[in-house]
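Order of the sequence lines fixes the chain letters, A, B, ..., with proteins taken first and strands second; residue numbering starts at 1 for each chain. Remember, it's a predicted structure, so these values are computed and weren't measured experimentally.
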Amino acid sequence: MMTPGLLWLGVLMVVPCLLIFVMAFYERGIYGGIDWDAFTFDNFKRAVEPLYLGIFFDSARVAGLSTLLALIIGYPAAYAIVKAPARWQTALLFLAILPFWTNYLIRTYAWIVLLNPAGLINGALKSIGLITEPLPILYNEFAVIVGLVYNYVPFVILAIYSALQRLDPSYAEASRDLGAGAIATFARITLPLTAPGVAAGAVFVFVLSIGNFITPDLLGGGKFLMAGNLIYDQFLTARDWPFGASLSLILIALMLLLLFAQALATARARGERGTAHA
Amino acid sequence: MSTIKTLTVALFASAATLLMAGAASAEKIVISNWDGYMPKDLPEKFKAETGIDVEVAVHATNEEIMGKVVASNGQGYDVLFVSSPFAEALNKLGIAAKLDHSKIPNLANLYPEAAQLQHDPGNTFSVPYAWGTTGLCYRSDLVKAEPTSWNDLLKPTDDLKGKMTMLATDRWLMVPAFLAGGMSVNTVDSAKLAEVKDVLIEAKKNLLAYDDTTFYQKLVSGEAVLVEAWDGWCNYGIAENDKIKYVVPKEGSDLWVDTMVVVESSPNKEAAHKFIDYVLNADTGKWVVENIMYKTPNKAGMDAVDPAMLTQYPNMAIAPADLLKFEQLRDLGDGMKDFSKTVTEIVSSK
């Protein structure tokens, strides 16, 4: 039985992925397109050249840094929402996801307005005399990380909020009753038990960041290549689909590995909790 | 392997057929153009004159439309607007049709130079729609000295550092260094690419950004004072601030040409030729100059433009004979891999 859902997945997800997979083993035609007569592993050999590996590592570093910052901002925010009076929680969550009502590009352009040398932040700092020359806060790695964190923090808040909310308050009470302070209770009870939520949020930010190409392009001023830009360029600028496909496969493999690790962690956490209940 | 090829082609073709299923049997053509690159009412007027329906698809970049038509062998489109190197690739791939000049009488509206383009002498498969140069666009009130050379951008004086942008599209990202080094803009020789790479990695350190779309706004706001620009785009800046000026550096420019191509697999070639003929009328040429602020190879159109415009935007007055002195970007064929790698090395450099 082919349900509509499966058909959807099949046509829009599995078939394109298969095309990418097959394409990765052929050559770029001389004028673009694909030379189907030349089966080859060359694209993968090229993909692991230091130049391209370096870009993957660099993207992973930036995505990792963005993930860390998003967690540092997102966890306290989720915690505050859970602790807020119940009647406010919906409103607070609503505020957290409100930015999604605006187009991604517009939100990114808003950061350009804020960060550019003649922009709001530099203008304000200049007018109160804190700086004389504009701070270089746009068109560099800093701006890219700001953009990524800003765009993906709501996912972290939602993931951690749902983990915190499902947490039975009696665990923390028991910990307090047994003499643990607030910090110890948080570090030894709350944090470990919400780890699956943290992992889900983290994987989300990391995976979305490493494949992002709009933010590095706009906020990085095109001076900074992430894995997403590299793949985009191969498909749309160099018109080298096979090489782009092989880079995509490597990125997809990386992402699957992360998702698998996260699923494993979640399953283990569930298992432990299960024993705790028994 | 041919099974895989057949399967893939069949997949793309059936997708194209699905997309086309809505097409009525009445005479109708599908064209793809950049958004806003021709008069909005052109399809309507064309229909009033010929009875042929025009469906307008838009593409954001040459590469986007190339991706679509190369995968489907052009099926689903009748006329494409693409830049000359891409027209050249379409011709070599057999996707562009040979043009029948007897069906395009308005070719007579073009400058004689329009038939002498390096990528297609005699306009055998492409008809030029707009053309121009790549040069330096700058704020004459904010630079200490008026730029005259590509080296003013590549090896800037201290006051310019951090206040310059270069074009982000791979081919034009390389153009300034090629020209400054006295090389062809179509260089693929690896020793020369390495030489240019070093120059551009050094130059990158002084750039505010690579920017294809908002560089003239950066000039208007003063964020940037000197940028690599297409002449028409510099005009958008000049329109907002008359202190903005354009110069073709002493080492020269490339000649970029945007063209129209008829798709070989089109079942409506007759109508497609009629469409191209219609676009070549003086009104459309005039519209291009007044609205896109590009030069057009359409002499009748250029002649219809208010001369005041040529005074306000001096680069519009560059004579066709002078344009032809510049080398056009050509399809790089097999050289594209090395070229792309060099660009990646430059853009990802620290």
Side-chain angles (χ1 to χ4, degrees), chain A residues 11 15-16 18-19 22-23 25-39 42 46 49 51-52 54-55 58-59 109 112 116-119 122 133-134 136 138-141 143 216-226 229-230 232-241 243, chain B residues 1-2 4-9 11-12 60-64 66-67 69-71 73 86 88-93 95 162-163 165-171 173 204-205 207-212 214 218 221-224 331-337 339-341 343-345 347-350:
Chain A
V11 173
V15 171
L18 282 177
L19 279 177
V22 172
M23 223 183 262
F25 294 94
Y26 290 86
E27 273 284 329
R28 175 191 195 265
I30 295 179
Y31 301 106
I34 298 154
D35 181 354
W36 292 107
D37 295 322
F39 183 88
D42 274 2
R46 274 172 78 195
E49 281 175 23
L51 170 64
Y52 304 111
I55 294 171
D58 236 22
S59 322
Y109 271 108
I112 296 183
N116 84 64
N122 272 313
E133 279 298 302
L138 184 59
Y139 307 129
N140 53 26
E141 198 178 293
D217 223 34
L218 292 177
L219 297 180
K223 289 192 291 182
F224 180 77
L225 275 188
M226 300 254 293
N229 302 87
L230 181 62
Y232 178 95
D233 285 348
Q234 294 310 318
F235 275 98
L236 285 164
T237 309
R239 287 188 292 121
D240 191 341
W241 290 17
F243 185 45
Chain B
M1 295 313 114
S2 65
I4 293 172
K5 179 181 178 176
T6 319
L7 262 175
T8 321
V9 171
L11 257 170
F12 279 119
T61 60
N62 283 306
E63 290 82 0
E64 183 188 336
M66 286 300 282
V69 298
V70 170
N73 210 18
F86 298 89
E88 193 177 357
L90 288 174
N91 179 50
K92 288 185 173 143
L93 288 165
I95 294 173
K163 293 177 179 170
T165 71
M166 285 176 71
L167 294 171
T169 303
D170 56 349
R171 298 297 302 274
L173 186 148
K204 184 191 170 193
K205 295 173 182 158
L207 292 184
L208 177 64
Y210 290 110
D211 189 342
D212 269 353
T214 61
K218 291 191 170 95
S221 73
E223 272 178 84
D331 186 273
L332 297 180
D334 260 346
M336 193 62 191
K337 273 186 189 167
F339 184 92
S340 292
K341 187 178 175 190
V343 174
T344 304
E345 284 171 327
V347 178
S348 67
S349 72
K350 292 263 159 54

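- Using a 4.5 Å heavy-atom cutoff, the side chains of A:Arg28 and A:Ile34 are not in contact.
- Interface residue B:Lys341: backbone and side-chain heavy atoms are both found under 4.5 Å from chain A.
- With a 4.5 Å cut-off on non-hydrogen atoms, A:Leu230 touches chain B through its side chain but not through its backbone.
- For chain B, the nearby parts of A:Leu236 are the backbone and the side chain; heavy atoms of each come within less than 4.5 Å.
- The residues A:Arg239 and B:Glu64 are annotated as not salt-bridged, no charged nitrogen and carboxylate oxygen being separated by less than 4.0 angstrom.
- Side-chain atoms of B:Thr169 and B:Asp212 form a donor-acceptor pair, as typed in the model, at a separation below 3.5 Å.
- Across B:Lys92, B:Arg171, B:Met66, the residue that shares the most heavy-atom pairs under 4.5 angstrom with chain A is B:Lys92.
- Exactly one of B:Asp331, B:Val69, B:Val70, B:Asn62 qualifies for a side chain to side chain contact (heavy atoms under 4.5 Å, CB included) with B:Phe86. That residue is B:Asn62.
- Note: B:Lys337 leads B:Glu88, B:Glu345, B:Lys337, B:Lys218 in heavy-atom pairs under 4.5 Å with chain A.
- Contact check for A:Arg46 versus A:Asp240: side-chain heavy atoms found under the 4.5 Å cut-off.
- For A:Asn229, no part sits under 4.5 Å from any heavy atom of chain B, backbone or side chain.
- For chain A, no part of B:Thr61 is nearby; none of its heavy atoms comes within less than 4.5 Å.
- Heavy atoms of A:Asp233 lying under 4.5 Å from chain B are absent altogether.
- Not counting sequence neighbours, the partners of A:Phe243 by the ring pair (Phe, Tyr, Trp, His ring centres under 6.0 Å) test are A:Tyr52.
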